[in-house]
Amino acid sequence: MNESSEVLARKYRPDSFDELIGQETISQTLSLALDSNRLSHAYLFSGLRGSGKTSTARIFAKALICEQGPISKPCGVCEHCIMAKEGRHIDIIEMDAASSRKIDDIRDLIEHTKYKPASGQYKIFIIDEVHMLTKEAFNALLKTLEEPPQYVKFILATTDPLKLPATILSRTQHFRFKRISNINVVHHLQHILQLENISYEDAALEILARSGSGSLRDTLTLLDQAIIYSKNHVDIQTVTDMLGLVDPEFLETLFSAIFNNNREAVLGYIQELEEYEAEMVVDELIAFLKERLYAQDSRYSILLLERFFRILSDAKLLFSINADGSFVLSMIFFKMLEALKVKEIDKMIESLEAQISSGAPMPHTATPVPLRHAVPSTSQTPPEQSAAPEPKTAQNSRQEQSDVQPQQATAPETFESAPKPAVQEPVISDARERAMFEQLIKKIEDRSIDLGRCFKEQIAFVSYKENILTWESCADDACKQQLKHGYSVIKQFVREIFGFETKIKAQKCSNPASQTPPEQSTAPEPTIPQNSRQEQNDVQQQPQQETAPEEFEPAPQVSSMTEESEVGTGSCVTNCSESDQSTREFDGQAILNEPMIQKATELFEATKITIQNKV
């Protein structure tokens, strides 16, 4: 009668190392130490409550005190084993440091260590909750704990090893008891219920194990309560009602309403959940989604679970600021409804692939239409340049148009495929480069307003190809001097924006030459364009002669990787002539050939030399 009324935590306390649950490494280490007789004088067991610290200490004490001991598997039939199992062995002294925590209690313990064991081989002191001792008590125990008599063994147990002094930790072998997994707890509960002849449901035991939070003693206490409440049939309904948890079936119906976008049903379920604690509901939702993940439910994709988990994590933060529980739950479920509206990327890709395979028109198919019209515009530009002798080429132009029309009629597909990259790429790159040029202007204006004004008004962007920035300069005398003085700053900004290897090429101003001839060539007879051609040729020959030094001048700029020095800095922004020595740059390789640089390189054994300018 007395045996049946004993609680499960005491009735099924382990009696050997093999019966320990979830502490295989510790039981194996202590068993090997006992079998090889490599014993320490003091041990420290730390870990979560109900993880087996005190039970392991009693098993270890019984293994030491056995007549065949020290041995990892005590006989259990000798007088010492029987008395140790019943807790009445005179040489096994258990002390609760929570109640006996003063220095006087430690003095009495030290006094007991002076006497040899009464009947066994060792005198064993088990001090539970040792972190509750006072500072003076710890100091009094240090000497005895470090050098006790050979027949004395100390076993200390605590749930908070951080509160122990470092001097105590250094004098003991520390064993850390880990949290018992839910699987091991469930298996142990099944074993106990089978011995007790009590029916159960596995899902109910999983809920009990999760509520125990890794503590086997707490879980067995809940199991005792569940057996009484459920009348010897442990099922999900009774366990959830007893613990005040949400039934998993209720959560299943709730998420079904969310997937069906049934807002009225969700509102009804939220009102039912107001009876429970809001933080507990969030924990149950996380546990439910975790089970759905492991079950690989097709409705709960990884992306959807990640969204739901973020929503629940945000809800945890709201609880930390004492937000209303029912309001937080409402926000959770309405956010989940909104999260379902976001179309998954995989589905978008699948629908796009299906649309392509079916041959349906794509949304971007309307873009080639302007590209198709852009081809004739490029082919008509040469006739505009040769439009001066119109009377002689009128018939030929008609023949060319007649030749082009059948080609367009017979092979329209070739014009659709080929011109796409040829027409689109220069427009995109030119817009990007012009934007970079505008950024250059802004940087120059930030450095100097006058310099930026001259550069913006007198310098025009032409092109940027193959790391060569070409611009057109129409600067007057005043701006020429200012641009020449600030050329080093301009070039440094060019390299920052366009790249360090960018070279600058300046062109003569073409506005005066290009504005007057077209006006003269458009009005007169066909004989006048010939004169205008000659004038244009004369005008073009003059800038070629003048710009010939400029075409050769960028050569040292291309090979040079250094900036001009601040003193005597030149500029090619204003189309300087070759005779102006201030426009030339210093060659970096020539600087490296200087005797002083070579001597410094040998002296310091330099492996890398960087030439840098000042702006």
Side-chain angles (χ1 to χ4, degrees), residues 9-10 13 23 26 29-30 33-34 38-65 70 80 83-84 86-179 213-215 217-218:
R10 296 186 59 185
R13 182 186 289 270
Q23 309 296 341
I26 295 175
T29 304
L30 295 177
L34 289 167
R38 298 181 65 87
L39 301 174
S40 177
H41 59 275
Y43 295 89
L44 174 62
F45 297 160
S46 66
L48 184 69
R49 66 187 187 280
S51 57
K53 299 183 298 296
T54 306
S55 299
T56 304
R58 292 176 180 177
I59 295 171
F60 188 69
K62 184 172 66 174
L64 289 173
I65 212 74
H80 295 291
M83 288 190 297
E86 295 176 356
R88 55 184 181 88
H89 200 287
I90 191 172
D91 292 329
I92 300 177
I93 304 170
E94 290 193 25
M95 173 182 171
D96 182 19
S99 57
S100 303
R101 58 191 303 265
K102 296 183 179 181
I103 188 173
D104 295 335
D105 301 316
I106 298 301
R107 286 174 180 171
D108 295 339
L109 185 145
I110 295 172
E111 188 69 21
H112 280 86
T113 60
K114 297 179 181 179
Y115 303 100
K116 291 185 176 182
S119 58
Q121 300 181 16
Y122 298 98
K123 179 174 283 190
I124 304 167
F125 295 89
I126 301 175
I127 306 177
D128 201 4
E129 302 297 336
V130 68
H131 65 276
M132 300 295 291
L133 291 176
T134 61
K135 181 180 178 180
E136 293 77 8
F138 276 124
N139 294 333
L141 185 61
L142 286 178
K143 185 62 177 177
T144 305
L145 190 63
E146 182 178 5
E147 296 178 354
Q150 295 182 354
Y151 52 83
V152 173
K153 302 293 180 184
F154 286 99
I155 303 176
L156 313 180
T158 179
T159 56
D160 193 357
L162 298 178
K163 292 183 178 180
L164 297 180
T167 52
I168 296 294
L169 295 174
S170 63
R171 288 167 168 80
T172 59
Q173 280 192 11
H174 192 180
F175 290 88
R176 297 168 179 83
F177 285 69
K178 61 183 180 181
R179 180 182 181 274
S213 301
S215 174
R217 182 172 60 243
D218 293 356

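Note that the numbering runs from 1 along the sequence shown for the chain.
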Query - Criterion side chain to side chain contact (heavy atoms under 4.5 Å, CB included) on Leu164 and Phe138, from CA distance to verdict - result: CA-CA 9 Å; Leu164 297 180; Phe138 276 124; 3.6 Å; yes

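- In terms of heavy-atom proximity, Leu34 sits nearest to Ala63 at CD1-CB, 3.5 Å.
- Residues Ser51 and Gln23 share a closest heavy-atom pair of O-NE2, 3.4 Å.
- Using a 4.5 Å cut-off on side-chain heavy atoms (C-beta onward), Phe125 and Val152 make contact.
- For the atom pair CG of Leu133 and NZ of Lys135, the computed distance is 14.5 Å after rounding to the nearest 0.5 Å.
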Query raised in the report: Between Ser213 and Asp218, does a side chain to side chain contact (heavy atoms under 4.5 Å, CB included) hold up when you go through it step by step?
Result: CA-CA 8 Å; Ser213 301; Asp218 293 356; over 6 Å; no

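- Using a 4.5 Å cut-off on side-chain heavy atoms (C-beta onward), Ile65 and His89 make contact.
- Looking at Thr144, Thr172, Val130 one by one, the single match for side chain to side chain contact (heavy atoms under 4.5 Å, CB included) with Phe154 turns out to be Thr144.
- A distance of 11.0 Å separates CD1 of Ile155 from CG of Asp128, quoted to the nearest 0.5 Å.
- Using modelled atom types, no side-chain atom of Asp91 and backbone atom of Pro117 make a donor-acceptor pair closer than 3.5 Å.
- Side-chain contact between Thr159 and Lys53 is present, with at least one heavy-atom pair separated by less than 4.5 Å.
- For Glu129 and Arg101, the salt-bridge test fails: no basic side-chain N is under 4.0 Å from an acidic carboxylate O.
- Residues Lys116 and Pro149 fail the side-chain proximity criterion, which asks for heavy atoms closer than 4.5 Å.
- The OG atom of Ser55 lies 8.0 Å from the CZ atom of Arg217; values are rounded to the nearest 0.5 Å.
- Using a distance-only test at 3.5 Å, with no hydrogens or angles considered, no donor-acceptor pair links the side chain of His41 to the main chain of Gln150.
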**Report entry** CA sep, side-chain torsions, deciding dist, call: Lys102, Asp105, salt bridge (Lys or Arg N to Asp or Glu O under 4.0 Å)
**Finding:** CA-CA 6 Å; Lys102 296 183 179 181; Asp105 301 316; over 6 Å; no

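- Between Arg107 and Glu111 there is no salt bridge, since no side-chain nitrogen of the basic residue lies less than 4.0 Å from a carboxylate oxygen of the acidic one.
- Taking all atoms of both residues into account, the shortest heavy-atom contact from Ser100 to Met95 is O-CE, 3.0 Å.
- The two residues Tyr151 and Thr113 make their nearest non-hydrogen contact at OH-O, 3.0 Å.
- Within 6.0 Å of atom NE2 in His174, more than 12 heavy atoms from other residues, nucleotides or ligands are found, so the atom counts as buried in its surroundings.
- The closest side-chain heavy-atom distance from Phe45 to Thr54 is not below 4.5 Å.
- Phe60 has its side chain out of reach of Ile126: every pair of non-hydrogen atoms, C-beta onward, lies at least 4.5 Å apart.
- The nearest pair of heavy atoms linking Pro70 to Leu64 is CB-CD2, 4.0 Å.
- For the atom pair CD1 of Ile168 and OG1 of Thr158, the computed distance is 11.5 Å after rounding to the nearest 0.5 Å.
- With a 4.5 Å cut-off on side-chain heavy atoms, Leu109 and Leu141 count as touching.
- Shown here for Arg171 and Thr167, the closest heavy-atom pair between the two residues is NH1-O, 2.8 Å.
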Query raised in the report: Can His80 and Gln121 be said to form a side chain to side chain contact (heavy atoms under 4.5 Å, CB included), step by step?
Result: CA-CA 10 Å; His80 295 291; Gln121 300 181 16; over 6 Å; no

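- You'll find the side chain of Thr56 stays beyond 4.5 Å of the side chain of Tyr43, heavy atoms only.
- When the shell of 6.0 Å around CD1 of Ile90 is examined, it contains 12 or fewer heavy atoms from other residues, nucleotides or ligands.
- In this structure, the separation between NZ on Lys153 and CD1 on Ile92 is 14.0 Å, given to the nearest 0.5 Å.
- Between the OG1 atom in Thr134 and the CG atom in Asn139 there is a gap of 8.5 Å [rounded to 0.5 Å].
- At a cut-off of 3.5 Å, with distance as the only test, no side-chain donor of Ser215 or Arg49 sits close to an acceptor on the other residue.
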